[in-house]
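Positions are given from 1 along the sequence. The structure displayed is predicted, hence computed values, not measured ones.
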Amino acid sequence: MNIQNIETFQIAIPLHKPFKTALRTVTVAESVVVKVTCDNGIVGYGEAPPTHVITGDSLASIDYAITKIFKPLLLGESLRNREQVFERLYKSAVGNTSAKAAVDMAIYDCIAQQASMPLFEFLGGYSSTIETDYTVSVNHPDEMADDAQQYIHDGFSILKVKVGKDKIEKDIERIKAIRKRIGGHALIRLDANQGWHAKVAVRAIQKMEDLGLDVELVEQPVKAYDVEGLKYVTENTQTPIMADESIFSIHDAKRVLENGAADLINIKLMKAGGIHEALRIAKLAHIYGIECMVGSMIETKIGITAAAHFAASQPNVNRYDFDAPLMLSEDLIEGGIAYKESDIELGVGTGLGIEKINEKFIVD
């Protein structure tokens with residue numbers, strides 16, 4: 001089974017409501033979609049959204065990397081030698097992790113289809129259903145409490161609350177408003193998106209601990225490069241601390257794990273460069289006894305399906321942040337994962353199970 005063609009096209013889908021974090025505001029989900037066609041007729045799909053403030057990737061850079069760098073290298077390559085294919089992909093350019101991820105997931109889609117297996121089974125098959133959280137964007141405390149209440153009503157029991165945009169007193173006010181509104185009926189995990197300095201983070205988290213706000217974990221409280229600061233927060237709080245933007249590669253993961261700088265890791269395909277490298281990070285974390293979350297950027301159901309299949313395949317991945325497709329006004333695809341409130345079913349098809357692309361969202 002050889003790669004016969006690699007094609008790209010851009011899509012844009014409006015969100016129901018603006019997605020706001022300490023780093024950015026998103027109103028439209030944009031992505032580069034990749035279609036890999038093999039000489040036996042099998043077709044695989046992948047995608048890469050531009051997340052300038054995290055990965056540094058843009059629509060233009062993603063498309064260029066795929067069409068001008070990866071495609072010439074990979075055309076004609078046999079997927080029976082997939083380790084060689086992935087090595088060529090990852091060594092062909094520094095960075096460009098989102099573009100690599102899109103091609104990587106499309107290749108894995110093809111390989112799993114050839115094996116007549118759903119991708120999660122091909123990768124390890126640890127679980128067939130998972131439960132996602134739902135993200136509460138950073139806004140006025142009352143609006144965030146309203147949103148949280150609505151998501152609980154919609155069947156979600158885990159909320160990922162965005163903080164880190166203002167002074168810590170404002171963030172604490174936000175969490176107090178949410179906890180008061182929803183009571184003890186849901187887990188609350190916080191994501192500061194690098195919005196605090198280390199000492200400020202410790203003060204904020206300790207204050208929330210003293211107030212009994214029952215926060216499950218705090219994700220990336222400090223700047224991505226500040227591993228020492230991350231370690232300081234981890235060592236001076238009782239609440240588990242999760243590394244996100246601090247870990248793109250397995251080398252980043254090794255540094256964080258060796259230094260005991262975080263209690264948990266958030267793996268994202270767009271940071272790691274795809275499933276192949278994400279598997280290495282998950283297995284390294286497993287050696288250290290560290291549990292992982294798998295999250296995403298603002299992606300359509302293509303990218304989230306790939307991430308969900310990877311997450312379900314690994315024993316030490318037990319937290320899932322796959323709400324992005326639910327934020328979109330419409331689905332890009334038919335097939336892929338299926339949502340039943342907060343539960344995600346991985347489907348019964350082979351590969352990613354993608355059946356059809358809704359062409360009305362393709363941008364000329």
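- Shown are Val34, Ile107, Leu73; of these, the side chain to side chain contact (heavy atoms under 4.5 Å, CB included) with Ile6 is made only by Val34.
- Looking only at side-chain heavy atoms (C-beta outward), Tyr134 and Leu326 come within less than 4.5 Å of each other.
- Residues Lys160 and Glu219 are paired through a salt bridge, judged by an N-O separation under 4.0 Å between the basic side chain and the carboxylate.
- Within the 4.5 Å cutoff, the side chain of Ser58 has heavy atoms near those of the His52 side chain.
- Salt bridge status for Asp244 with Lys271: present, with a side-chain N to carboxylate O gap under 4.0 Å.
- Considering Thr300, Ile357, Leu352, Asn358 in turn, Ile357 is the only one that fulfils the side chain to side chain contact (heavy atoms under 4.5 Å, CB included) rule with Ile333.
- In this structure, Phe70 has no ring-ring contact (aromatic ring centres under 6.0 Å, His included) partners at least two apart in sequence or on a different chain.
- Counting heavy atoms from C-beta outward, Glu291 and His286 have side chains that stay 4.5 Å or more apart.
- In this structure, Pro221 and Leu230 have side chains that are in contact, with non-hydrogen atoms separated by less than 4.5 Å.
- In this structure the side chain of Pro325 reaches within 4.5 angstrom of the side chain of Tyr339, judged on heavy atoms.
- Relative ring orientation between Tyr108 and Phe86 is described as parallel, the plane-to-plane angle staying below 30° on a 0-90° scale split at 30° and 60°.
- Other residues, nucleotides and ligands place no more than 12 heavy atoms under 6.0 Å from the NZ atom of Lys199.
- Using the six-membered ring where Trp is involved, Phe322 and Tyr320 have ring planes that are tilted, between 30° and 60° apart.
- Within the 4.5 Å cutoff, side-chain heavy atoms of Ile111 are placed close to those of Arg82.
- Judged by distance alone, the side chains of Asn40 and Gln114 do bring a donor and an acceptor atom under 3.5 Å apart.
- Ionic pairing of Asp321 and Arg189 is not present here: no N-O contact between side-chain nitrogen and carboxylate oxygen is shorter than 4.0 angstrom.
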